Number of protein chains: 2
Amino acid sequence: MQLKTLCSTCSLRELCLPVGLNPEEITQLDAVVRQSRRIKRGEYLFRAGEAFTSLFAIRIGFFKTVIASQDGRDQVTGFSMSGELIGLDGISSGLHTCDAVALEDSEVCELPFDRMEDLTQEIPSLQTHFYRLMSREIVRDQGVMLLLGNMKSEERIAAFLLNLSQRLQKRGFAATDFILRMSREEIGSYLGLKLETVSRNLSKFHQSGLIAVDHKHIRINDIQKLKDMVSGCSHQAH
Amino acid sequence: MQLKTLCSTCSLRELCLPVGLNPEEITQLDAVVRQSRRIKRGEYLFRAGEAFTSLFAIRIGFFKTVIASQDGRDQVTGFSMSGELIGLDGISSGLHTCDAVALEDSEVCELPFDRMEDLTQEIPSLQTHFYRLMSREIVRDQGVMLLLGNMKSEERIAAFLLNLSQRLQKRGFAATDFILRMSREEIGSYLGLKLETVSRNLSKFHQSGLIAVDHKHIRINDIQKLKDMVSGCSHQAH
DNA sequence: CGAGACGTTGAATGCTTTCAACTGATGTGG
DNA sequence: CCACATCAGTTGAAAGCATTCAACGTCTCG
């Protein structure tokens, strides 16, 4: 029998929903969180058009979210890692507006939204936290808009690597040495570039010594220079 | 003496925050909303970096929100019209992350956020509505991301005009005949294009008979064709 | 009325894309 | 376990689209 995963004992509690809650409140949150669910690489957590009933907190793994358009064009709207919440877009209409796909074997905690709503009614600090969380998502999206609207390909790639680096570091991983979980094409889709442009820029960075690229393995040699490249942009760590 | 503006008697109550509230709840909302405030064209409602204390509902007028980056590049992240809420991005950190500038003489209702939080604690349906509202903003931003990441200049302009048209219609204005409140440069900034590109595309649409452009006055002649141009995109009316 | 902001249009430039060829990795089935 | 087919990634060359630079027209407002 699998033990139910509890927020109170979860190593992500300083990063995930429980941030700022007292022990008693976390126990209440535990009562709402469903037993965690495993999603294999390539599987969908949810699909655009499906009824929205739950948010998902990523315990382990890595996801992409994708908006599909009718004519086949689609776009990666974000990459999510442990401690992050996905599904917020579904609250609006009661339907998911994007697909969520696991990019590696993952594990998520399901948060039934109706129960979350009740709980935020009971725990004001959780409501506050939840508002902040949604607002942060808005701010993040606006950062991406700035990137897509203003930046050259080189700057986009730099911003992307930097953002990844910072988020990994926050989770206790190395900031300058990591594995990309997504393909060049997925990076390109997220950054509004073609996969060849992503590849070319990574090669260029590699040749200049800024980073070392070996397939999906990235090592950042000069993180300051990377920061300088995106200097002007009010780039927000997620 | 100016009468305090009340949600209960406001013509926007079907569009704005009170949507879905019963009369009694609207009265509670009235108690929170501050006397409405006039903002002249060109004036700032708030600036990036200022402390966030209130959300603003637009009663009359038109605003742009702008993210500024250090190196002078900045980007319009949205245009807001009556019945829409601005300032949601500030909840996250307690600081506004963008500037809000009136593009015509406007009037806004100030909603002190701490009082809004209390009220959403008291009125569950308002909390639900508020979550939906924030989620809608996330969905909207993702639509813009799709636009910026995937669409050609021509399609962006078409999507922009269509979106404007639909929002105006919802407010009882003509869908095919309206005045642009923003400059070509502001349109371009929002769409990730230069002002010349915006101008060229409008001229092209004009010459093809799709629309009629006379300075800021736009008439849409073939709205279906405009829709076809953005066909593929999961474009959301705001 | 004049100055400055806004808008239009043309021509040249440049960045990203597209098309194409090739290499290396992955994984499946004989 | 290897062969082969497929997918992911790299790189080059040509093409395309938006940008840049520039000139000019027009509207607005003090």
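Only a predicted model underlies this, so the values are computations on that prediction, with no experimental measurement involved. By convention in this document, chain letters (A, B, ...) are assigned in the order of the sequence lines, proteins followed by strands, and residues within each chain are numbered from 1.
The backbone N or O of Glu104(A) sits nowhere less than 3.5 Å from a side-chain atom of Arg181(A) that would complete a donor-acceptor pair. Side chain of Ser36(B) to main chain of Cys109(B): no donor-acceptor pair is present (N/O by atom type, distance under 3.5 Å, no hydrogens or angles).
At whole-Å resolution of the value, CZ in Arg184(B) and C1' in dT20(D) are 20 Å apart. Following rounding to the nearest Å, Leu148(B) (CG) and dA18(D) (C1') show an atom-to-atom distance of 14 Å. We find that CE of Met151(A) is positioned 11 Å from P of dT16(C), with the value rounded to whole Å. Between the P atom of dT18(C) and the CG atom of Leu195(A) lies a distance of 10 Å, rounded to the nearest Å. Rounded to whole Å, the distance from CD on Glu196(A) to P on dC19(C) is 10 Å. Taking atom CG of Leu180(A) as the reference point, atom P of dT10(D) lies 10 Å away to the nearest angstrom. Glu185(B) has its CD atom 9 Å from the P atom of dG7(C), to the nearest Å. When the P atom of dT20(D) is taken as reference, atom CG of Asn150(A) falls 10 Å away, rounded to whole Å.
Listed candidates were dT16(C), dA20(C), dG9(D). Nearest to the side chain of Leu193(A) is dT16(C). The side chain of Lys194(B) approaches dT19(D) more closely than any other nucleotide in the set dC21(D), dC17(D), dT19(D). With dA20(C), dC17(D), dT20(D) as the choices, the nucleotide that has an atom nearest any side-chain atom of Lys152(B) turns out to be dC17(D). Across dG9(D), dC29(D), dT16(C), the shortest atom-to-atom separation from the side chain of Thr197(A) is found for dT16(C).
Glu43(A) has no carboxylate O lying under 4.0 Å from a charged side-chain N of Arg38(A), or vice versa, which leaves the two without a salt bridge.
Residue contacts for Gly192(A): at a heavy-atom cut-off of 4.0 Å it reaches the sugar-phosphate backbone alone, with no base atom in range.
Residues of residues 198-218 of chain B having a heavy atom closer than 4.0 Å to DNA chain D, listed by number: Arg200(B), His215(B).
Taking the six-membered ring for Trp, Phe113(B) and Phe52(B) have ring centres closer than 6.0 Å.
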